[in-house]
Undergrad: 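One structure follows; several queries about it will come next.
Computed from a predicted model, the values in this text were never measured in an experiment. Below, all heavy atoms of this structure are taken into account, side chains as well, without hydrogens, waters or symmetry copies. Note that ligands are numbered from 1 as they come in the structure, with each ligand's atoms numbered from 1 the same way.
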Amino acid sequence: MTNRVTVIGSLNVDTILEIPRLPKPGETLAMGDQSFAGGGKGSNQGIAAGRAGADTHFIGKIGDDANGKFMVKSMTDSGINVDQVTVTKEAKTGQAFILLDKNGQNSILVYGGANQVLSTKDVDNAKDIIANSDFIITQFETPLAVAEAAFKVAKDNNVVTILNPAPAQEAIPASLLAVSDLVVPNETECQTLTGVEITDEASMIKGAEKLHAMGAKGVIITVGSKGAFYHTADGNYGFVDAFKVNAVDTTAAGDTFIGALSSQLKPDLSNLAEAIRFANRASSITVQRMGAHPSIPTLAEIDAAEKAAK
Ligand code: RIB
């Protein structure tokens, strides 16, 4: 059965600047190529879910500009329903400036723009879409009040909520975590949320248990190129290794993981390890290609990579 996934979150046009290394303060540095791509944590997760086969709706906000049109086209080209992507005249479409070094590591500056104009009214307008989903996903590039309002609608309608607490943010309301069924931080984000430094399995269990105490039924801690740790409230846990590949650009790897995961997950979270393996395969493809939207794989590509590895 096809999962119905709604993503509420950010849409950014990414400007990718290829640099040899980060410049020092006051230094002028020659850079390599410059390119543009669709991005934003929310839209990357939406594209990843849709390309991996989920019936995907997106709720977000763009400016009345060419970048906004570019983002809508990128989403619709991947079959994402954008009926709830609305236009504001109050701000420009979100942007991100990605400094990508020759090892594939990135540093990102984000202009929130229209993403920060998204409001609880937009959630009200999208109530039916949320209520008819199996999963709803959000992140922290749109206002926290919007995330909480959307998750409350979801919980009232037995829709499973997935929180990606990224980028890391201090002072997250307990009321948001209380309505988050599955929380998917990386190590840094987990530490910010729980105060537990993630160094080994024992610390991951401790971090996960703290998140369970805050309301999460499931926790997945992503650990970059190593893989992902999962832990459920009933004490089931494990680590799913990542696939070893040569990364050229890690942008959107975490977003691909979450979107692809949501396309396969069962609402009772009973197939977490299997869905994580699929998500690891998807993000292993993303890191081998440049840019956010252009690098996110389709289901056919994920299946082909899986077959090729056998
Ligand atoms: O997670 C990657 C994304 O973060 C980029 O696409 C960029 O837009 C920033 O929001």
Undergrad: With a cut-off of 4.0 Å, which atoms of ligand 1 are near a heavy atom of Ala96?
TA: 7 (C), 8 (O)
Undergrad: Can you tell me which residue and heavy atom of the protein come closest to atom 2 (C) of ligand 1, and the distance to 0.1 Å?
TA: Asp255 OD2, 3.3 Å
Undergrad: If the cut-off is 4.0 Å to any non-hydrogen atom of Ala292, which atoms of ligand 1 fall inside it?
TA: 6 (O)
Undergrad: Please report the interatomic distance CZ(Arg281) to CD1(Ile276), rounded to the nearest 0.5 Å.
TA: 15.0 Å
Undergrad: To check your reading of the model: name the closest protein heavy atom to atom 3 (C) of ligand 1, its residue, and the distance in Å.
TA: Asn44 ND2, 3.7 Å
Undergrad: Please identify which atoms of ligand 1 are closer than 4.0 Å to at least one heavy atom of Gly39.
TA: 6 (O), 8 (O)
Undergrad: Look at Asp64 together with Lys89 and state whether they make a salt bridge at an N to O cut-off of under 4.0 Å.
TA: yes
Undergrad: Among all protein heavy atoms in this structure, tell me which lies nearest to atom 4 (O) of ligand 1, with the distance rounded to 0.1 Å.
TA: Lys41 NZ, 3.4 Å
Undergrad: Using distance alone, decide if ligand 1 has a nitrogen or oxygen within less than 3.5 Å of any nitrogen or oxygen in Gly40.
TA: yes
Undergrad: Say whether, by atom type as modelled, one donor and one acceptor occur between the side chain of Glu148 and the main chain of Ala145 under 3.5 angstrom.
TA: no
Undergrad: Give the residue and atom name of whichever protein heavy atom lies nearest to atom 8 (O) of ligand 1, and the separation in Å to one decimal.
TA: Asp14 OD1, 2.6 Å
Undergrad: Show which atoms of ligand 1 fall inside a sub-4.0 Å distance from at least one heavy-atom site of Glu141.
TA: 4 (O), 9 (C), 10 (O)
Undergrad: Would Arg277 and Glu306 pass as an ion pair if we require N to O under 4.0 Å?
TA: yes
Undergrad: Does the side chain of Asp181 come within less than 4.5 Å of Lys155's, by heavy atoms?
TA: yes
Undergrad: Scan side-chain atoms only and decide if Thr93 and Asp65 contain a donor-acceptor pair under the 3.5 Å cut-off.
TA: yes
